[in-house]
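Below is one structure, written out as structure tokens; the observations come after it.
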Amino acid sequence: MNDAARRQTGMIDMESNTTLVQCYPAHEAVPAGQGPFPPVIVVHDRFGLNAHVKGIANRLANAGFYALAPAFYAMPTSVADVAPDFMRPAGPVHFDYGDETSADEQAGLLSDERAETILQQAIDYTAFRSASREGPCGVLGFSMGARLAFLAA
């Protein structure tokens with residue numbers, strides 16, 4: 001399939017239904033045609049939400065899946081004045097593949113608690129999207145993301 005098989009792609013804010021109203025950025029890829037489509041969460045590796053990971057989400061949309069790739073290193077937005085420290089990471093959203101030291105340092109700052117919070121929000125977000133089919137949600141991860149996908153299971 002080609003890019004015409006996608007209805008839309010791009011960065012969105014995943015808004016939760018919590019009192020903190022945390023919005024985490026994510027790349028969303030929606031197939032063209034009549035939905036709803038089976039959902040897949042794409043979990044990036046230690047290099048973050050880069051063009052390669054967005055491309056994988058787009059390829060999944062081309063194959064007929066609703067794909068959502070959260071940015072685990074990004075700063076969430078919130079209407080609350082105070083949020084727990086684990087929800088406030090510092091640093092860029094992604095790294096070049098040659099910058100292994102910085103990628104490793106940022107990956108080391110990502111706690112399992114924070115990752116699980118973002119994954120749960122991504123799963124909850126897909127449940128309320130009209131383009132996403134009800135029921136189970138697939139989680140696909142790479143390297144560090146494979147471990148996080150395992151935790152999500």
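Because only heavy atoms are used, hydrogens play no part in the values below, and waters and symmetry mates are left out as well, while side chains stay in. None of these values were measured; they are calculated from a predicted model.
The distance from the OH atom of Y97 to the CG atom of D45 is 5.0 Å, given to the nearest 0.5 Å. Expressed to the nearest 0.5 Å, how far CG of D104 lies from CZ of F95 amounts to 9.5 Å. For the atom pair E105 CD and T101 OG1, the distance stands at 6.5 Å (nearest 0.5 Å). The OH atom of Y24 lies 5.0 Å from the CD1 atom of I118; values are rounded to the nearest 0.5 Å. How far CG of L119 is from CD of E116: 8.0 Å, rounded to the nearest 0.5 Å.
Between E100 and F47 there is a side-chain heavy-atom pair separated by less than 4.5 Å. Counting heavy atoms from C-beta outward, P70 and I41 have side chains that approach closer than 4.5 Å.
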For this session: For H44 and H94, run side-chain contact (heavy atoms from CB on, under 4.5 Å): C-alpha distance rounded to whole Å, both residues' side-chain angles, the deciding distance at 0.1 Å, then the answer.
Result: CA-CA 9 Å; H44 62 72; H94 64 85; over 6 Å; no
Exercise. Checking side-chain contact (heavy atoms from CB on, under 4.5 Å) for the pair L68/V42: CA distance, chi angles, key distance, verdict?
Worked result: CA-CA 6 Å; L68 187 67; V42 181; over 6 Å; no
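Closest non-hydrogen pair, A61 versus A29, comes out as CB-CB, 3.6 Å. The nearest pair of heavy atoms linking P31 to F65 is CG-O, 3.2 Å. In plain terms, the two heavy atoms of Y125 and Y66 that are nearest each other are CE2-OH, 3.6 Å. Smallest separation of non-hydrogen atoms from A74 and P25: CB-CG, 3.3 Å. Here the closest heavy-atom approach between residue H27 and residue N58 is recorded as NE2-OD1, 2.9 Å.
Checked by atom type and distance alone, the side chain of D96 never pairs as donor or acceptor with a backbone atom of G98 at under 3.5 Å. A donor-acceptor pair under 3.5 Å is absent between the side-chain atoms of Y73 and the main chain of L110, judged by distance alone.
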Show which side-chain atoms of residues 132-153 pair as donor or acceptor with protein atoms under 3.5 Å away, not counting sequence neighbours.
residue	atom	partner	partner atom	Å
S132	OG	T126	O	3.0
R147	NH1	D112	OD1	2.9
R147	NH2	D112	OD1	3.3
R147	NH2	D112	OD2	2.9

